[in-house]
Amino acid sequence: CPDWVTAGATQTYSIYFRPLENPDPFTIAAPWDTYYLARLQLLMDALAARYGSDPDLQMVYVPQQTGNGIEGHFNANTDLSLTTQGINATSWVQCSKQAAHIVAAAFPDKSVAFEVHKVISSHAIPMQIVEEMHAETSGQVGAAMWWLKGTMTEQSGLIDALYTYAGNI
């Protein structure tokens, strides 16, 4: 999250990313912060104005305010650290869906990918997001998984849940 977005946010939280390289947590705008969401809207609208009609653009990725700033994981962060800062099933589902709706509205003719990772040790949270977004956007928003590393054992509960997911992966 750029410093200028965090500086304008009224709600922030601290997370770790690659703590061996960066031992101090980063403070970023909370994904439910209205300033952050307004800036995300401006960014998506500007990108859509420039690239929305490009036939080569097939999919748009939903940015999430997590470990590396875009993916949906909280590696190196404890569940307790996240929950004490306001991240729970309700808050994460709500802010993630807001971000996905912003992207989908800006790119109405493009597929939208929401990357799924366990949140607070639960695969139910990301599954709720993609299932509800699939229904609310008539299938425009689907699940994304880039992190398999050639194995089906990492986050196997989430992988198992995706087998019954009706949307695009």
Using modelled atom types only, decide if a donor and an acceptor are shared between the side chain of Lys110 and the backbone of Leu57 within a distance under 3.5 Å. yes

Kindly indicate, with the supporting measurements, whether the criterion side chain to side chain contact (heavy atoms under 4.5 Å, CB included) is fulfilled by Met145 and Ile159. CA-CA 9 Å; Met145 299 174 60; Ile159 294 169; 3.6 Å; yes

Closest non-hydrogen atom pair, Ala161 against His123: CB-CD2, 3.8 Å

Looking at CD of Gln85 and OG1 of Thr83, how far apart are the two atoms once the value is rounded to the nearest 0.5 Å? 9.0 Å

Shortest non-hydrogen contact from Ala89 toward Ile120: N-CD1, 4.3 Å

Tell me whether Asn77 contacts the main-chain N or O of Asn75 through its side chain, where contact means a donor paired with an acceptor under 3.5 Å. yes

Check: Phe107 main-chain N/O paired with Gln140 side-chain donor or acceptor under 3.5 Å: yes

Side chain to side chain, His101 and Thr137, heavy atoms closer than 4.5 Å: yes

For Tyr13 and Ile28, run side chain to side chain contact (heavy atoms under 4.5 Å, CB included): C-alpha distance rounded to whole Å, both residues' side-chain angles, the deciding distance at 0.1 Å, then the answer. CA-CA 6 Å; Tyr13 72 118; Ile28 62 173; 3.9 Å; yes

Are Tyr35 and Thr10 packed together at the side-chain level, in the sense that at least one heavy-atom pair is separated by less than 4.5 angstrom? no

Intermediate values then yes/no, side chain to side chain contact (heavy atoms under 4.5 Å, CB included), Gln64 and Trp92: CA-CA 10 Å; Gln64 298 179 57; Trp92 194 254; 3.7 Å; yes

Would one find more than 12 heavy atoms of other residues, nucleotides or ligands at under 6.0 Å from atom CG of Asn168? no

From CG (Asp79) to NZ (Lys118), nearest 0.5 Å: 8.5 Å

Nearest 0.5 angstrom please: Met133 CE to Ser138 OG, how far? 10.5 Å

Least distance between heavy atoms, Pro31 atom then Leu37 atom: O-CD2, 3.6 Å

Determine whether Leu42 and Val60 fall in the same hydrophobic cluster, where Ile, Leu, Val, Met, Phe, Trp and Tyr are linked whenever their side-chain heavy atoms lie under 4.5 Å apart. no

Enter the distance from Thr84:OG1 to Leu82:CG here, rounded to the nearest 0.5 Å. 7.5 Å

Donor-acceptor under 3.5 Å (Ser96 side chain, Val93 main chain): no

Between CG on residue Leu40 and SG on residue Cys95, distance to nearest 0.5 Å: 11.0 Å

Shortest non-hydrogen pair, Ala105 vs Pro108, comes out as O-CD, 3.4 Å

Take Ile102 and Val62 through the side chain to side chain contact (heavy atoms under 4.5 Å, CB included) test and state the conclusion after the steps. CA-CA 9 Å; Ile102 288 169; Val62 177; over 6 Å; no

Val103 with Tyr51, same ILVMFWY side-chain cluster at under 4.5 Å: yes

Closest approach of Val130 and Phe114, non-hydrogen atoms and distance? CG1-CD2, 3.8 Å

d(Ser81 OG, Ile87 CD1) to nearest 0.5 Å is 8.0 Å

Linked, directly or transitively: Tyr163 and Val116 (ILVMFWY side chains, under 4.5 Å): yes

Donor-acceptor pair between Asp33 and Thr12 side chains, under 3.5 angstrom: no

Between Pro63 and Ala99, what is the shortest heavy-atom contact and its length? O-CB, 4.1 Å

Check whether the side chains of Trp32 and Gln94 place a donor and an acceptor atom closer than 3.5 Å, and report yes or no. no

